[in-house]
Amino acid sequence: MELEKAYNPKEKEGEIYQMWEKGGYFTPKKTHKKPFDKTQGRPFTIIMPPPNANGALHIGHALFVTLQDIMIRYHRMKGDSALWLPGADHAGFETQVVFDKKLEKEGRKKSEIPKEQLLKEMMDFTLSNKQIMENQLRKLGASCDWTRAKFTLDDDIVKVVYSTFEKLKQDGLIYKGNRLVNWCAKHQTTLSDVEIKYEERTDPLYYIKYGPFKLATVRPETKFGDTAIAVNPKDNRYKNYVGAEVEVETILGKAKIKVIADESVDMEFGTGAVKVTPAHDFADYETWQRHKNEIPGPKIVIDKYGKMNELAGPYAGMKILEAREKIVADMIAKGLLDEKEIDKNYKHNVAVCYKCGTVIEPTLMDNQWFVKMTEKPASGGLSLRDLAVEAVKNQEIKFTPQRFEKIFLQWMENLRDWNISRQIPWGIPIPDEKSKLKTQKSKITTEENEPEQVFDTWFSSGQWPFATLQNTQKGDFEYFYPTSVMETGADILFFWVARMVMLGIYITGKAPFKDVYLHGLVRDKDKQKMSKSKGNVVDPLGTVEQHGADALRMALVFANSPGQDIAFSEDKIIAQKRFANKIWNASRFVLQQANTLQTSDVWKSPDIGCLIESKADEEILKALQETSKEVTKDIETFQFHEAAQKIYHFFWHTFCDVYIEQTKSQIANCKSQNEKGNTANILLYVLRESLKLLHPFMPFITEQIYQMLPNKDAKALIIAPWPE
RNA sequence: GGGUUCGUAGCUCAGUUGGUUAGAGCGUUCGGUUCACAUCCGAGAGGUCGGAGGUUCGAAUCCUCUCGAACCCACCA
């Protein structure tokens with residue numbers, strides 16, 4: 001058989017993938033019996049983080065595919081029941097943002113599209129992206145079990161989500177709160193605490209007169225929502241006022257306001273006295289909660305479009321910044337604010353929407369669903385937070401790199417309740433008691449129709465490991481759960497991993513995975529973060545077309561070290577493309593030797609030792625064994641880059657540069673045909689075992705060559721036995 | 001305010017529990033080969049491992065301080 005001189009990845013990759021998929025190799029057999037132990041093999045499960053079905057895969061996806069596929073292929077070859085369960089995420093808010101942009105581009109207004117049609121369009125959009133994505137995963141060589149693929153909007157998954165919602169409700173862990181929420185005026189939805197980020201801004205700090213007080217504030221426009229003035233109880237300056245109602249002159253005329261004492265007030269800041277605006281500030285809201293009996297409740301003065309409402313009198317209808325400017329000017333005019341006292345260089349952090357950067361308006365809403373993170377369930381046991389903390393502290397869940405354990409636990413310390421309501425159309429609708437009532441008793445129609453809400457997408461994906469396995473094949477959950485490794489990006493540790501741990505243990509009683517491996521971000525050439533919604537993604541499929549999936553995968557894993565960001569550059573891929581070519585040509589040489597020198601079928605002999613003719617033979621076999629050991633250890637301990645570099649080095653610089661070169665003279669000097677055959681057989685053996693070690697990293701080229709070997713020890717390399 | 005990561009060859013980065021002449025890819029210099037390799041092989045140049053101090057027989061690796069870069073968390077108006 002004549003091989004091309006240069007390796008051409010394009011030709012065969014698709015064919016090989018089909019051979020694998022049609023051969024059923026991706027679908028594990030549940031042959032091992034409990035209790036699972038190392039001697040007989042065991043289930044090894046990875047639940048694929050379902051990519052957001054709102055665009056094409058980016059290079060970051062290629063990284064996770066590579067890392068997870070390495071583990072899966074390794075364990076499959078080792079004889080474990082290796083399940084890699086693929087999926088796709090409808091990605092609620094994320095997809096909504098992408099789709100809104102698409103509408104905007106097309107010059108269409110979301111508000112003018114009937115909801116039913118909008119949802120249909122979004123579903124079409126999502127499903128077509130899902131399709132594209134799945135084919136891209138195939139091109140990257142992902143050996144996942146497509147027969148078990150799940151989508152977050154599958155009926156059975158939604159059912160699980162509803163049942164979890166019900167259980168939480170019955171346990172008193174979910175409540176509909178009249179609570180302060182993070183409101184994004186641009187996206188017209190609330191957001192959870194992890195969906196906001198903080199930006200440092202420089203804004204003027206105003207000192208406004210409040211009767212006998214002077215109060216420092218960045219937001220004078222919220223003064224219409226003030227319900228009290230707070231001072232520190234230890235502050236002697238204001239001692240006499242505490243508990244009293246003071247009369248103050250405001251731009252809307254005279255008013256009375258109560259003075260309260262609260263520990264949270266910093267005497268050093270500003271004047272040591274602070275206005276309390278519970279409807280629009282988290283700290284103030286909490287202050288009010290502590291003084292509920294003394295002062296009036298929150299007064300909302302800003303509406304959901306970010307405009308002042310009727311409580312703002314003449315400023316009603318104005319946008320926040322416009323109103324602020326106007327109010328400041330009017331206050332100066334009325335002598336309520338001294339222009340000279342404005343601190344124009346005041347630096348502070350402002351909460352903004354993580355997607356659009358719009359300033360988040362804390363606002364009071366009464367129809368929002370919250371999950372209690374720190375309270376014990378009615379049926380007994382630990383709070384959601386403590387379930388997760390315990391599991392991590394007990395080492396039921398281990399992190400790689402280890403430092404994330406600390407980060408995880410630290411985050412758990414200061415958790416607030418989780419807002420799971422979103423006011424966007426795209427997502428799993430939150431079951432609404434009122435609408436249920438309506439359908440049951442048609443008489444109740446006076447009730448104001450509540451806007452439909454959907455779950456935070458992380459509420460559903462937070463249940464992914466058990467929700468999927470409970471709805472694939474019968475017995476899957478019992479066999480594959482808890483899963484082995486959760487491999488995902490460090491950037492969604494809080495969004496996703498934390499929620500999976502909490503909900504997973506809460507529902508199933510077991511941590512959903514044993515190991516968490518976190519990779520860093522693949523950044524673009526300028527070290528900028530890539531993201532679909534930003535539109536700066538690099539299409540990994542173009543790279544596959546050009547250089548082959550193996551080169552891309554090897555380049556990614558070569559550059560990766562756990563938890564560290566990596567910069568993507570083409571020369572790394574080209575280097576690995578050369579390596580693929582090296583593998584190809586070494587194989588070409590070995591196969592040629594085998595063809596011309598082979599005299600017997602001695603390579604079927606299990607005892608490779610009796611073929612040794614020279615010191616070189618001995619050494620290469622020793623080096624191979626050493627490399628196998630190291631590579632195995634490195635994969636087991638998640639040091640994939642180390643494993644990749646070791647097998648790379650062995651193959652190129654030990655096998656090719658040293659051993660193959662030696663065999664040339666060795667073969668020439670051999671006395672008998674049999675000796676020559678022996679050498680050829682060692683070449684074949686070392687090549688075959690090397691291909692096995694390389695296969696998790698570079699599956700296509702290794703399988704292609706393996707299929708041509710005369711000394712195959714399995715039907716396909718993908719299921720060939722891993723070297724001891 | 002708290003925390004984390006990074007600073008190693010011209011560039012991009014590895015270096016797991018401290019141990020002989022500190023590594024890879026790309027680049028670069030010289031030589032060879034085109035008899036598996038639109039190439040490949042051999043040899044070389046290039047690093048006081050951000051800085052200072054300490055622990056140790058021995059530190060890029062551990063400790064303290066310090067400079068520089070990035071990031072995460074946090075309700076200071």
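As the structure is a prediction and not an experimental result, all values here were calculated from the model. Chain letters run A, B, ... following the sequence lines, proteins first, then strands; residues in each count from 1.
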Item checked: Residue A/H653, side-chain atoms from C-beta onward, closest of B/G25, B/U12, B/U5 -> B/G25

Check: Can you find a heavy atom in the side chain of A/K646 that is under 4.5 Å from one in the side chain of A/H641?
Finding: no

Notebook entry, point to check: With a non-hydrogen cut-off below 4.0 angstrom, is A/N349 in contact with a base, only sugar-phosphate, or nothing?
Noted result: base

Item checked: Base partner of B/A74, which must satisfy Watson-Crick or wobble distances under 3.5 Å -> none

Item checked: Integer-rounded Å distance: B/C76 C1' and A/D266 CG -> 7 Å

Check: With a 3.5 Å cut-off and just heavy-atom distances, do the side chain of A/K664 and the base of B/A36 make a donor-acceptor pair?
Finding: yes

Next item on the list: Would you mind reading off the distance between A/I566 atom CD1 and B/C11 atom P, rounded to a whole angstrom?
Entry: 20 Å

Next item on the list: Report which part of the nucleic acid A/Y648 touches: base, sugar-phosphate, or nothing (heavy-atom distance under 4.0 Å, all strands).
Entry: sugar-phosphate

Check: If you measure only the distance, is there a donor-acceptor pair under 3.5 Å linking the side chains of A/R578 and A/N581?
Finding: no

Next item on the list: Answer with base, sugar-phosphate or nothing: what part of the nucleic acid does A/D657 contact at a heavy-atom distance below 4.0 Å?
Entry: sugar-phosphate

Checklist line | Nucleotide nearest A/E661 (side chain, heavy atoms from C-beta), chosen from B/C75, B/U12, B/C37 | finding: B/C37

Note to self: Using a heavy-atom cut-off of 4.0 Å across all strands, would you classify A/Y346 as base, sugar-phosphate, or nothing?
What the structure shows: sugar-phosphate

Note to self: Measuring from the side chain of A/E286 (C-beta onward, heavy atoms only), which nucleotide among B/C40, B/C75, B/A24 has the closest atom?
What the structure shows: B/C75

Next item on the list: Give none if B/C6 has no partner; otherwise give the nucleotide forming a Watson-Crick or G-U wobble pair with it, both distances under 3.5 Å.
Entry: B/G68

Check: Have A/N232 and A/Y238 got a donor and an acceptor in their side chains that come within less than 3.5 Å?
Finding: no

Next item on the list: With heavy atoms under 4.0 Å as the rule, sort A/A6 into base, sugar-phosphate or nothing.
Entry: nothing

Next item on the list: Over 60° means perpendicular and under 30° means parallel, so classify the ring planes of A/W584 and A/Y7, tilted if in between.
Entry: tilted

Check: Is it the case that A/E487 and A/H519 place a side-chain donor and acceptor less than 3.5 Å from each other?
Finding: yes

Notebook entry, point to check: Given that A/Q564 and A/V194 both sit by RNA chain B, which one's nearest nucleotide is further toward the 5' end?
Noted result: A/Q564

Next item on the list: Measure from the side chain of A/V274, starting at C-beta and using heavy atoms only, and say which of B/U4, B/A77, B/G2 lies closest.
Entry: B/A77

Notebook entry, point to check: Looking for any heavy atom pair under 4.0 Å, which part of the strands does A/E642 touch: base, sugar-phosphate only, or nothing?
Noted result: sugar-phosphate

Item checked: Distance-only donor-acceptor check, side chains A/Y659 and A/D617, under 3.5 Å -> yes

Margin query: Can you tell me which nucleotide in B/A14, B/U4, B/U12 comes closest to the side chain of A/Q645?
Written below: B/A14

Note to self: If I take atom CZ in residue A/R578 and atom P in nucleotide B/G27, what distance separates them, rounded to the nearest angstrom?
What the structure shows: 6 Å

Next item on the list: On RNA chain B, check which nucleotide each of A/V658 and A/S587 is closest to and give me the residue with the more 5' one.
Entry: A/S587

Next item on the list: Report yes if a side-chain nitrogen or oxygen of A/K5 is closer than 4.0 Å to either non-bridging phosphate oxygen (OP1 or OP2) of B/A36; otherwise report no.
Entry: no

Note to self: Within the 4.0 Å heavy-atom criterion, would you say A/I660 contacts the bases, only the backbone, or no part of the nucleic acid?
What the structure shows: base

Margin query: Work out how far the C1' atom of B/U39 is from that of B/U56, and round it to whole angstrom.
Written below: 50 Å

Margin query: Once you apply a heavy-atom cut-off of 4.0 Å, does A/R219 come out as touching a base, just sugar-phosphate, or nothing?
Written below: nothing

Item checked: Sugar-phosphate, base or nothing in reach of A/F404, heavy atoms under 4.0 Å -> nothing

Notebook entry, point to check: Can you list the steps and then say if A/F404 with A/F408 is a ring-ring contact (aromatic ring centres under 6.0 Å, His included)?
Noted result: CA-CA 6 Å; A/F404 283 106; A/F408 184 91; over 10 Å; no

Check: Counting just side-chain N and O atoms, does A/Y198 come under 4.0 Å of either OP1 or OP2 of B/C75?
Finding: yes

Next item on the list: Using only side-chain N and O atoms of A/W652, determine if any of them is under 4.0 Å from OP1 or OP2 of B/C41.
Entry: yes

Notebook entry, point to check: According to a strict under-4.0 Å criterion, is A/S561 in side-chain N/O contact with OP1 or OP2 of B/A14?
Noted result: yes

Notebook entry, point to check: Ignoring hydrogens and angles, does a donor from either the side chain of A/E4 or the base of B/A38 sit under 3.5 Å from an acceptor on the other?
Noted result: no

Next item on the list: Report yes if the side chains of A/T277 and A/K223 come closer than 4.5 Å at any heavy-atom pair, otherwise no.
Entry: no

Check: So which nucleotide from B/A77, B/C40, B/G15 ends up closest to the side chain of A/H641?
Finding: B/G15

Next item on the list: Scan A/H348 against the nucleic acid and name what it touches under 4.0 Å (heavy atoms): base, sugar-phosphate only, or nothing.
Entry: sugar-phosphate

Notebook entry, point to check: Of all the nucleotides listed (B/U4, B/C75, B/G25), which has the minimum atom distance to the side chain of A/I407?
Noted result: B/U4

Next item on the list: Check every atom of B/C72, B/C37, B/A77 against the side chain of A/F494 and return the nucleotide holding the closest atom.
Entry: B/C72

Notebook entry, point to check: What nucleic acid atoms does A/Q576 come within less than 4.0 Å of, heavy atoms only: base, sugar-phosphate, or nothing?
Noted result: nothing

Margin query: Let's see if you can work this out: which of B/A36, B/C73, B/A77 has an atom nearest to the side-chain heavy atoms of A/R588?
Written below: B/A36

Margin query: With rounding to the closest Å, how many angstrom separate the C1' atoms on B/C71 and B/C41?
Written below: 44 Å

